Undergrad: 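One structure is given below, represented as structure tokens, and several questions about it will come after.
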Amino acid sequence: MKKRKLFIAGNWKMNKTSSEAEKILVELKSKLSPYIGKLNIAVCPAFTALETAVRVLHGSNIKLGSQDVSAKESGAYTGEVSAKMLLDTGVTYAIVGHSERRQYHNETDALVNEKTKMALKSGLLPIVCIGETLHERENGKTYDIITTQFRGSLNGLTSEEMIKTTIAYEPVWAIGTGKTASKEQAQEVHALIRKLLTDAYGSETAEKVIIQYGGSVKPENSAELMAQQDIDGALVGGASLDSEVFTNLIANAIN
Ligand code: PGA
């Protein structure tokens, strides 16, 4: 029996216009209704589809997340979207420090930490991503990288803030590649993250934090991954873009 309620979030990345979002969300609203309540579910569309998503999902209990949030409160930061704007739109979560932002936009642990703190201060719930590359794994660096990213990205959070934060362990080599970490590989890193949490905050807090796994989660592997002791949910990319596939992934995960 899981100690923590599963939390599965779909990260649509740079996919779906507002009208495409509307179509899939209408489907998800009805297909996911039997599962809502048994777990927490969120979808993270592009900024441009958020308003449509708020309207379509009204009354459904499927929550919304953004894929990023600015570290700044407001002002002359062209192209940025603030936490306050997101909250005002009806967003609950913000993905922070996804590996694609770290890789293509040079986001550092320090910036991820600023964004995480800004989200929390404003009332958004951050989903903070950490994970090693294939090169780092093959060189036996996984533990060091996870420890460094954990400490850097989550630096200075209070226990209360830590409990509001979801950590997503996403091995970079498993994202969008079809290669999933085995349940043992994933559980091993999740246990390390739980230990880092315990060392920093004590076990009472550590036991409350949701740690998602991300990287080619699909209906075929969601059950075995979610059955692991320290895996409390999933951050899903490709398999969240189709309502049937995402629903099956969720159905398998909770059974
Ligand atoms: P994927 O993406 O499920 O397509 O591998 C996961 C993610 O990047 O969050």
Side-chain angles (χ1 to χ4, degrees), residues 6-16 20-21 24 28 32 39-47 49-50 53 62-69 91-107 112 115-116 119 125-134 136-137 142 145-146 149-150 153 165-183 185-186 189-190 193 210-226 228 231-253:
L6 279 184
F7 173 32
I8 296 186
N11 171 14
W12 292 358
K13 308 191 179 183
M14 199 171 72
N15 293 294
K16 299 198 187 291
E20 289 163 350
I24 184 177
L28 284 175
L32 291 178
L39 78 167
N40 293 318
I41 303 174
V43 288
C44 307
F47 291 128
L50 285 171
I62 299 172
K63 304 285 187 218
L64 276 171
S66 61
Q67 298 173 18
D68 190 19
V69 59
V91 169
T92 304
Y93 297 96
I95 299 174
V96 182
H98 189 279
S99 66
E100 286 150 16
R101 297 219 53 92
R102 291 177 185 262
Q103 187 182 349
Y104 304 129
H105 302 271
N106 302 318
E107 292 200 7
V112 173
K115 291 184 171 188
T116 302
L125 304 176
I127 301 174
V128 179
C129 304
I130 57 177
E132 81 287 358
T133 63
L134 184 59
E136 289 159 349
R137 173 163 283 265
T142 301
I145 294 293
I146 295 300
Q149 290 186 352
F150 175 94
S153 303
T165 302
T166 297
I167 299 173
Y169 167 56
E170 300 208 301
V172 178
W173 49 273
I175 295 178
T177 58
K179 270 194 212 164
T180 320
S182 68
K183 57 187 194 306
Q185 283 173 321
V189 179
H190 280 242
I193 297 169
I210 297 294
I211 311 175
Q212 292 176 326
Y213 169 79
S216 301
V217 181
K218 23 185 193 244
E220 295 76 22
N221 59 25
S222 61
E224 60 173 30
L225 285 162
M226 296 309 115
Q228 302 305 302
I231 301 183
D232 312 313
L235 186 55
V236 184
S240 71
L241 295 171
D242 179 282
S243 66
E244 191 70 31
V245 176
F246 194 50
T247 303
N248 289 339
L249 183 157
I250 286 174
N252 294 346

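Quick caveat: nothing in here was measured; it's all calculated off a predicted structure. One-based numbering, in listed order, for ligands and for the atoms of each.
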Undergrad: Determine, using heavy atoms of S240 and all atoms of ligand 1, whether some pair is separated by less than 4.0 Å.
TA: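 Outside the 4.0 Å threshold, so no.
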
Undergrad: Starting from the C-alpha separation in whole Å, work towards a yes-or-no answer on side-chain contact (heavy atoms from CB on, under 4.5 Å) for N11 and Q67.
TA: CA-CA 7 Å; N11 171 14; Q67 298 173 18; 3.7 Å; yes

Undergrad: What do you reckon, does V236 have a nitrogen or oxygen under 3.5 Å from a nitrogen or oxygen of ligand 1?
TA: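 No; every N/O pair is 3.5 Å or more apart.
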
Undergrad: With a cut-off of 4.0 Å, which atoms of ligand 1 are near a heavy atom of G176?
TA: 1 (P), 4 (O), 5 (O)

Undergrad: Among V112, I175, D68, whose side chain to side chain contact (heavy atoms under 4.5 Å, CB included) with H98 holds?
TA: I175

Undergrad: Show the nearest heavy-atom pair for residues V91 and L64, with the distance to one decimal.
TA: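 Closest approach of V91 to L64, heavy atoms only: CG1-O, 3.6 Å.
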
Undergrad: Ignoring angles and geometry beyond distance, decide whether G238 reaches within less than 3.5 Å of ligand 1 through its nitrogen or oxygen atoms.
TA: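 Such a contact does occur with ligand 1.
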
Undergrad: In terms of atom number and element, which parts of ligand 1 are under 4.0 angstrom from non-hydrogen atoms of H98?
TA: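 Counting atoms of ligand 1 from 1, those under 4.0 Å from H98 are 7 (C), 8 (O), 9 (O).
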
Undergrad: Testing the basics here: between Q212 and A234, what is the closest heavy-atom pair and its distance to 0.1 Å?
TA: NE2-O, 3.3 Å

Undergrad: Locate the shortest heavy-atom distance separating L241 from K16; write the atom from each residue and the value.
TA: O-NZ, 2.9 Å

Undergrad: Give the residue and atom name of whichever protein heavy atom lies nearest to atom 6 (C) of ligand 1, and the separation in Å to one decimal.
TA: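 Sorting protein heavy atoms by distance from atom 6 (C) of ligand 1 puts G237 N, 3.5 Å first.
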
Undergrad: Using a 4.0 Å cut-off to any heavy atom of G215, which atoms of ligand 1 qualify?
TA: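 Answer for ligand 1: 5 (O).
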
Undergrad: Looking only at heavy atoms, what is the nearest atom pair of I127 and A168, with distance?
TA: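 Closest approach of I127 to A168: CG2-CB, 4.0 Å.
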
Undergrad: Let me know which of L125, T165, D232 forms a side chain to side chain contact (heavy atoms under 4.5 Å, CB included) with I210.
TA: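 Result: among L125, T165, D232, D232 is the only option passing the side chain to side chain contact (heavy atoms under 4.5 Å, CB included) with I210.
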
Undergrad: When you measure from atom 9 (O) of ligand 1 to every protein heavy atom, which one gives the shortest distance, and what is it?
TA: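 Going by distance alone, atom 9 (O) of ligand 1 is nearest to E170 OE2, 2.7 Å.
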
Undergrad: Using heavy atoms and a 4.0 Å limit, tell me yes or no: is G214 in contact with ligand 1?
TA: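 Outside the 4.0 Å threshold, so no.
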
Undergrad: How does N11 reach ligand 1, by side chain, by backbone, by both or by neither, if only non-hydrogen atoms under 4.0 Å count?
TA: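 Within the 4.0 Å criterion, N11 contacts ligand 1 through side-chain atoms alone.
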
Undergrad: Distance under 4.0 Å to a non-hydrogen atom of S216: what atoms of ligand 1 satisfy this?
TA: 1 (P), 3 (O), 5 (O)

Undergrad: Heavy-atom distances under 4.0 Å are what count here, so tell me which part of A168 touches ligand 1: side chain, backbone, both or neither.
TA: neither

Undergrad: So which heavy atom in the protein is nearest atom 2 (O) of ligand 1, and how far is it from that ligand atom?
TA: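 Checking every protein heavy atom, the shortest distance to atom 2 (O) of ligand 1 gives K13 NZ, 3.3 Å.
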
Undergrad: Enumerate the atoms of ligand 1 whose separation from the nearest heavy atom of A174 is less than 4.0 angstrom.
TA: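 Matching atoms, with element in brackets: 5 (O).
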
Undergrad: At what distance, to the nearest 0.5 angstrom, does CD of Q228 lie from NE2 of H190?
TA: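 Answer rounded to 0.5 Å: 9.5 Å.
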
Undergrad: Distance from Y213 atom OH to Q185 atom CD, nearest 0.5 Å?
TA: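 Answer for the OH-CD pair, Y213 versus Q185, is 8.0 Å.
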
